[in-house]
Amino acid sequence: MTTNQIAFLALALLALIGGGGVVFSQRPVRAAMCLVLNFLVLAALYFMLGAQMLGISQIMVYAGAIMVLFLFIVMMLRMDREEPHKVWWTSAPVIGTVFGALVLFIFALGIRPVAEMKPGAVDPKFGTPQAIGMEMMTTYAWPFEVASMLLLVGIVASIILAKRRI
Amino acid sequence: MTLAMAPTGIVNDVPIEWFLLLGAMLFALGAVGVVVRRNPVTVFMCIELMLNAVNLTFLTFARYQNGWGLKYENAQQAAMNGQMMVIFVMAVAAAEVAVGLGIIMAIFRARREVDVDDLSTLRN
């Protein structure tokens, strides 16, 4: 067991604690805080994978912008703890266990064929903003424009949704 | 300028299946949350969890491509493709959260309560 593996296991444990907190905590504020923990740990894992630029944008976009939005909504809606589902067949522990085990099983089937893959010899500029910017302005120029249109539509849509009478 | 073959990052002795298993477990957690939770805001958080699990998997495959038998240039392109997918997933997630939370707010203003079991107006 090397240092990297121990570091990975510690980060993975923290990520799973954060994810479990999102799913199992009854109060939305606690769920949001657990989600922040999960995002920060995932940013650390991105750094571990050599993708510095994406790790930083993970912290800025997810842990910064998106979580602020979530906390605003939680604050404005004054949500307290939720009751269990009203429909009798949606007993949460049963449905959750069965569904989660099924999803995990399907993914585990997909992991085995690629288990021999090793880290490739990548360019030293692998995760730098320079490399990503070059790629975005050359190969991915068209998807980049589409994404900007999508964000524009999102801005307009949220302004329209915020009007008093829709 | 010659491209040095020095790998960046410190992943060299962490097996790929650890990363993939972590991604799968986070995705499964998020999927369970989407099914089980009743609060739409928490359901959105679980969707974000799933998107992040997918991002982790994309970056893992961007970094670990030794064994596909790719040539060096193709391997570099594949590595960049994985990272660009993560960028676009982030953009889509941002737009989705803005619109989705706007819809939740609109529902709350109209009905004074948000609960995924009670919101059945669109069902015929």
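All chains are named by letter (A, B, ...) in the order of the sequence lines, taking the proteins before the strands, and each is independently numbered beginning at 1.
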request  = Tell me, for L35(A) versus chain B, whether the close heavy atoms (under 4.5 Å) come from the side chain, the backbone, both or neither.
outcome  = side chain
key: Which atoms of M84(B) approach chain A - backbone, side chain, both or neither, heavy atom under 4.5 Å   = side chain
query = S57(A), A157(A), A108(A), C34(A): which one forms the most heavy-atom pairs within less than 4.5 Å of chain B?
reply = S57(A)
query = Does any non-hydrogen side-chain atom of L37(A) lie less than 4.5 Å from one of V41(A)?
reply = yes
ask   = Hey, which of P143(A), A15(A), G100(A) has the most heavy atom pairs under 4.5 Å with chain B?
value = P143(A)
inquiry  = What part of V43(B) gets within 4.5 angstrom of chain A, counting heavy atoms only: side chain, backbone, both, or neither?
reply    = neither
key: Residue part contacting chain B, namely of A65(A), when any heavy atom lies under 4.5 Å   = neither
remark   = M90(B) and Y62(A) have their tightest heavy-atom pair at CG-CE1, 3.6 Å
ask   = Hey, which of F144(A), F39(A), F107(A), Y46(A) has the most heavy atom pairs under 4.5 Å with chain B?
value = Y46(A)
query = Non-hydrogen atoms of chain B under 4.5 Å away: do they reach the side chain of I132(A), the backbone, both or neither?
reply = both
ask   = A147(A) versus chain B, heavy atoms under 4.5 Å apart: side chain, backbone, both or neither?
value = side chain
ask   = Does the pair F58(B) and N81(B) meet the rule for a side chain to side chain contact (heavy atoms under 4.5 Å, CB included), with working shown?
value = CA-CA 9 Å; F58(B) 266 123; N81(B) 287 348; over 6 Å; no
request  = Would you mind checking which part of V74(A) comes under 4.5 Å of any heavy atom in chain B, side chain (CB onward), backbone (N, CA, C, O), both or neither?
outcome  = side chain
ask   = For the residue pair L51(B) and A93(B), what are the closest heavy atoms and their distance?
value = CD1-CB, 3.6 Å
ask   = Given that the side chain runs from C-beta out, which part of F70(A) has a heavy atom under 4.5 Å from chain B: side chain, backbone, both or neither?
value = both
ask   = Most heavy-atom pairs under 4.5 angstrom with chain B, which of T2(A), T139(A), T3(A), I106(A)?
value = T2(A)
ask   = Relative to chain B, which of S158(A), A12(A), G110(A) shows the most heavy atom pairs under 4.5 Å?
value = A12(A)
inquiry  = So I104(B) and F44(B), do their side chains get closer than 4.5 Å, heavy atoms only?
reply    = yes
task = Show your working on side chain to side chain contact (heavy atoms under 4.5 Å, CB included) between L49(A) and Y64(B) and close with a plain yes or no.
result = CA-CA 9 Å; L49(A) 285 166; Y64(B) 287 73; 3.9 Å; yes
inquiry  = Restricting to non-hydrogen atoms, name the atom on M48(A) and the atom on N4(A) that form the minimum distance, rounded to 0.1 Å.
reply    = CE-O, 3.4 Å
ask   = Out of G154(A), G96(A), S148(A), A51(A), which one racks up the most heavy-atom pairs below 4.5 Å with chain B?
value = G96(A)
Side chain / backbone / both / neither for A62(B) at chain A, heavy atoms under 4.5 Å = both
request  = Measure across V99(B) and L161(A) and return the closest heavy-atom pair with its distance rounded to 0.1 Å.
outcome  = O-CD1, 3.6 Å
ask   = Is any side-chain heavy atom of Q58(A) closer than 4.5 Å to a side-chain heavy atom of N52(B)?
value = yes
key: L9(A) portion near chain B, given a 4.5 angstrom heavy-atom threshold   = side chain
key: Test item: I16(B) and R63(B) side chains (from C-beta on) under 4.5 Å apart, heavy atoms   = no
inquiry  = What I want to check is whether the side chains of E48(B) and N38(A) have a donor and an acceptor closer together than 3.5 Å.
reply    = no
message = For chain A, which candidate among L20(B), N55(B), L59(B) shows the most heavy-atom pairs at distances under 4.5 Å?
response = L59(B)
note = If one checks every heavy atom of E96(B) against chain A at 4.5 Å, the contacting part turns out to be neither
key: Heavy-atom proximity to chain B below 4.5 Å, by part of I73(A)   = side chain
inquiry  = On a heavy-atom basis, which atom in C46(B) and which in V22(A) lie closest, and how many Å separate them?
reply    = SG-CG1, 4.0 Å
